[in-house]
Novice: 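Pasting a structure here, questions to come.
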Protein chains: 2
Amino acid sequence: MTTYRTDGALAVEALGDPTRRAIFELLVDGPRSVGDLADVVPISRPAVSQHLKVLHQRGLVDVRPQGTRRLYLVDPHGVEAMRAYLDQMWDSALRAFARAVETDNEKNPRKRTT
Amino acid sequence: MTTYRTDGALAVEALGDPTRRAIFELLVDGPRSVGDLADVVPISRPAVSQHLKVLHQRGLVDVRPQGTRRLYLVDPHGVEAMRAYLDQMWDSALRAFARAVETDNEKNPRKRTT
DNA sequence: ACGAACGGTAAGTTACAACTTACCAATGAG
DNA sequence: CTCATTGGTAAGTTGTAACTTACCGTTCGT
């Protein structure tokens, strides 16, 4: 009855959107301002702002106001949460996979594996 | 200019949807048939079928037809792809983060950051 | 103090994906 | 063969989230 950290799931949800993923991957390469991002991504600046808001809420990015500009950068905590979420999944998946192979062997009689 | 395995990104995209994530997490606990999943998840059986199609296309689940039933199970390859994608991201993020802290220290020499 | 640069928020539109029902194909049991 | 099970596909509806434009607040330079 696996119980995952909701953080990781929410982070995955945030990166589910292609545009948001593009923005995030740009930030992975280094901090950028909002307008800077809007110059690269083919959407309006307010749209970028909205995406950044979501990414921030999910703990994937952080902000550093610098004068009139706001510098966005990747927040390691969000990525860490995603990794934890996936690692959990990975372990359980392998166990389930092994179990499946095992019960499959029971149907095709060869040799006991328990 | 980080180039990620597209596989991993597409897998993340698939798990972006909450319902699909729920279905996938059920499968992580063990193989299930379509109707079986539909009994648990609060959507119709065709809807489950459609979600499974997406998960299959993205390499996250596999099928084993057994008579008239179709048993779905987690495909480790998809999870592996996601992990690779995230690990890439993790490394780059840490590097970018370290860089950011460094240049920040140059500006505010008095602040300690560890 | 004023204007320019930067960016967040409000409000409205719209495309799409997540659903539904209806139908059909394939397998197994009698 | 016939009937019941199981599940994929077609077609249509709809809620919502990803956009847009318009507007406003804040910070900095001159």
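Scope of the values below: all heavy atoms of this structure, side chains included, with no hydrogens, waters or symmetry mates. Because the structure is a prediction, the values reported are computed rather than measured. In what follows, chains are A, B, ... by sequence order, proteins preceding strands, each numbered from 1.
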Novice: Return yes if some donor-acceptor pair links the side-chain N/O of A:H56 with the main-chain N/O of A:V61 below 3.5 Å, else return no.
Specialist: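 Side chain of A:H56 to backbone of A:V61, a donor-acceptor pair under 3.5 Å: yes, one is there.
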Novice: Can you measure from CZ (B:R32) to OH (B:Y72) and round to the nearest 0.5 angstrom?
Specialist: 15.0 Å
Novice: Mind calculating the distance between CG (B:D39) and C1' (D:dG7) to the nearest angstrom?
Specialist: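 About 13 Å, once rounded to whole Å.
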Novice: Check this for me: does the side-chain of B:Q50 come within 3.5 Å of the base of C:dT20 through a donor and an acceptor?
Specialist: yes
Novice: Please give, in whole Å, the distance from C:dC16 P to A:D17 CG?
Specialist: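 Between P of C:dC16 and CG of A:D17: 13 Å.
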Novice: Whole Å only: how far is the CD1 atom of B:I23 from the C1' atom of C:dC19?
Specialist: 12 Å
Novice: Using whole Å, what does the distance between atom C1' of nucleotide C:dT20 and atom CD1 of B:I43 come to?
Specialist: 11 Å
Novice: Just how far, in rounded Å, is P of C:dA18 from CD of A:E13?
Specialist: 11 Å
Novice: Determine: side-chain N/O of A:S33 to OP1/OP2 of C:dG7, distance under 4.0 Å, yes or no.
Specialist: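 Checking C:dG7 against A:S33, a side-chain N or O does come within under 4.0 Å of OP1 or OP2.
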Novice: Measure the distance from CG on A:L37 to P on C:dG7 and round it to the nearest whole Å.
Specialist: 9 Å
Novice: Using a strict cut-off of less than 4.0 Å between a Lys/Arg side-chain nitrogen and an Asp/Glu carboxylate oxygen, indicate whether A:R69 and A:D36 qualify as a salt bridge.
Specialist: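 A:D36 and A:R69: not salt-bridged.
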Novice: State, to 0.1 Å, how close A:V48 and A:L37 come at their nearest heavy-atom pair, and which atoms those are.
Specialist: CG1-CB, 3.9 Å
Novice: With a cut-off of less than 4.0 Å, is there a side-chain N or O of B:H51 near OP1 or OP2 of C:dA17?
Specialist: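 Looking at the OP1 and OP2 atoms of C:dA17, neither is under 4.0 Å from any side-chain N or O of B:H51.
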Novice: Select one nucleotide: of D:dG8, C:dG7, D:dC19, the one nearest the side-chain heavy atoms of A:V34.
Specialist: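 Nearest listed nucleotide: C:dG7.
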Novice: Quick check: on DNA chain C, is the nucleotide nearest B:G67 upstream (toward 5') of the one nearest B:P46, or the reverse? Name the residue that is more 5'.
Specialist: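 Whichever sits nearer the 5' end wins; that is B:P46.
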Novice: With rounding to the nearest 0.5 angstrom, report the CG to CZ distance, B:L52 to B:R45.
Specialist: 11.0 Å
Novice: Could you tell me the separation between the NE2 atom of A:H56 and the C1' atom of C:dT9, rounded to a whole number of Å?
Specialist: 16 Å
Novice: Hey, does the side chain of B:T68 come within less than 4.0 Å of C:dA26's phosphate (OP1/OP2), counting only N and O?
Specialist: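 No, B:T68 has no side-chain N/O under 4.0 Å of OP1/OP2 on C:dA26.
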Novice: Rounded to the Å, how far apart are B:L55 CG and D:dG7 P?
Specialist: 16 Å
Novice: Indicate, with a heavy-atom threshold strictly under 4.0 Å, whether A:R45 touches base, sugar-phosphate, or nothing.
Specialist: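 Here A:R45 touches the bases of the nucleic acid.
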Novice: Answer yes or no: does a side-chain N or O of B:R70 lie under 4.0 Å from OP1 or OP2 of D:dG8?
Specialist: yes
Novice: Please evaluate the base of C:dG7 for a donor-acceptor partner in the side chain of A:R69 within a cut-off of under 3.5 Å?
Specialist: no
Novice: Between A:Y72 and C:dG8, is there a side-chain N or O to OP1/OP2 distance below 4.0 Å?
Specialist: yes
